[in-house]
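Quick caveat: nothing in here was measured; it's all calculated off a predicted structure. Scope of the values below: all heavy atoms of this structure, side chains included, with no hydrogens, waters or symmetry mates. Atoms within a ligand are numbered from 1 in the order they appear, just like the ligands themselves.
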Amino acid sequence: MKKAVCPGSFDPITNGHLDIISRASKIFDEVTVAVLVNQTKSSLFTVDERITMISEVCQNFKNVKVDSWSGLLVDYCQAKNISIIAKGLRAVSDFDYELQMSQINYQLKGIETLFMSTAPNHSFLSSSVIKEIASYGGDVSSYVPKQILPALTERVSKKVK
Ligand code: PNS
């Protein structure tokens, strides 16, 4: 069985993430969306909230699972017997960092990274940009799955006050 992991912070999941997860689910037998816990980054949603949101928006993908991990991604891959990391590449600006990560991950544990080019209509999307637009009351309804919009709107309004 060919298994892949789509790792990220997913704070929150965007339509860009969802597109990559959906496309990966057609390539691999099983895809795990892994919420990586980053102790140094402050987040809008807790890990459990992010897992709940991802599970809801991915419920129609029968071969997609959701999980979380605190530690190195390669250690998660090894623990779960996953040999491929599937990620989206939005623009050249992503390339340097992603190349470095993929080389480190291969060097550390022989884990391969498969890059998929982001759909052009998602190439400018990031969770950070979406949070910023939403915090100023901007319309982000075309950038995030509709199921998470109420939680996002509610959370940013609480933070602004
Ligand atoms: O959505 P993000 O924040 O861009 O995702 C980045 C993520 C979580 C995939 C990356 O930071 C990661 O893999 N973190 C886990 C720690 C790790 O394995 N780092 C690579 C070796 S330094």
Side-chain angles (χ1 to χ4, degrees), residues 2-25 27-28 30-58 61 64-135 140 143-145 147-149 151-152 155-156 159:
K2 265 279 174 244
K3 300 202 280 186
V5 61
C6 288
S9 304
F10 303 105
D11 186 44
I13 186 167
T14 70
N15 285 341
H17 292 131
L18 197 55
D19 179 50
I20 295 297
I21 294 164
S22 157
R23 286 158 58 191
S25 76
I27 299 170
F28 297 99
E30 185 182 282
V31 172
T32 303
V33 181
V35 178
L36 269 293
V37 181
N38 187 339
Q39 323 276 17
T40 63
K41 235 180 177 178
S42 72
S43 58
L44 188 62
F45 294 101
T46 66
V47 171
D48 285 347
E49 286 170 332
R50 285 178 259 166
I51 288 179
T52 302
M53 290 190 284
I54 299 166
S55 302
E56 194 182 346
V57 302
C58 291
F61 305 130
V64 172
K65 303 182 345 177
V66 189
D67 202 358
S68 66
W69 181 256
S70 183
L72 286 179
L73 178 57
V74 289
D75 287 338
Y76 179 79
C77 292
Q78 194 170 46
K80 302 291 174 178
N81 204 21
I82 294 171
S83 54
I84 296 174
I85 298 165
K87 297 203 85 179
L89 262 190
R90 288 169 297 194
V92 176
S93 50
D94 280 346
F95 187 75
D96 281 351
Y97 174 75
E98 294 298 346
L99 179 69
Q100 184 189 21
M101 286 301 116
S102 67
Q103 288 170 331
I104 288 172
N105 289 332
Y106 186 77
Q107 184 74 32
L108 285 171
K109 296 266 160 100
I111 307 290
E112 293 284 5
T113 301
L114 171 80
F115 290 115
M116 283 178 274
S117 46
T118 297
N121 56 326
H122 296 139
S123 63
F124 58 90
L125 280 188
S126 72
S127 300
S128 310
V129 161
I130 286 167
K131 282 184 280 194
E132 184 162 351
I133 297 170
S135 71
V140 292
Y143 307 143
V144 294
Q147 298 95 319
I148 73 147
L149 203 53
L152 176 59
R155 187 60 53 89
V156 291
K159 258 207 140 180

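Close approach of ligand 1 to Lys41 (heavy-atom distance below 4.0 Å) involves ligand atoms 3 (O). Proximity to Leu73 (heavy-atom distance under 4.0 Å) selects the following atoms of ligand 1: 13 (O), 17 (C), 18 (O). Near Lys87, meaning under 4.0 Å from any of its heavy atoms, are these atoms of ligand 1: 9 (C).
Between Phe115 and Asp94 there is no side-chain heavy-atom pair separated by less than 4.5 Å. The shortest distance between side-chain heavy atoms of Lys65 and Ser55 does not fall below 4.5 Å. Residues Lys3 and Cys77 have side chains not in contact (no heavy-atom distance under 4.5 Å, counting atoms from C-beta outward). In this structure, Ile84 and Val5 have side chains that are not in contact, with every pair of non-hydrogen atoms separated by 4.5 Å or more.
Taking 4.0 Å as the cut-off between side-chain N and carboxylate O, Glu49 and Arg155 count as a salt-bridged pair. For the pair Asp11 and Lys41, the salt-bridge criterion is not met [side-chain N within less than 4.0 Å of a carboxylate O].
By the definition of a contact as any protein heavy atom under 4.0 Å away, atom 13 (O) of ligand 1 is in contact.
The protein heavy atom nearest to atom 16 (C) of ligand 1 is Gly71 O, 3.6 Å. With hydrogens left out, the protein atom closest to atom 3 (O) of ligand 1 is Ser9 OG, 2.5 Å, a heavy atom. Of the protein's non-hydrogen atoms, the one nearest atom 19 (N) of ligand 1 is Leu72 CD2, 4.1 Å. When only non-hydrogen protein atoms are considered, atom 20 (C) of ligand 1 lies nearest to Met101 SD, 3.5 Å. Taking atom 7 (C) of ligand 1 as the reference point, the nearest protein heavy-atom neighbour is Gly8 CA, 4.5 Å.
Heavy-atom separations between Tyr97 and ligand 1 include at least one value shorter than 4.0 Å.
Counting heavy atoms closer than 4.0 Å to ligand 1, residue Leu36 contributes side-chain atoms (C-beta onward) but none from N, CA, C or O.
Side-chain N/O atoms of Ser43 and Arg50 include a donor and acceptor closer than 3.5 Å.
Pairs of residues two or more places apart, or lying in two chains, that qualify as salt bridge (charged side-chain N to carboxylate O under 4.0 Å, His left out) and include a residue from residues 101-112 are Asp75-Lys109.
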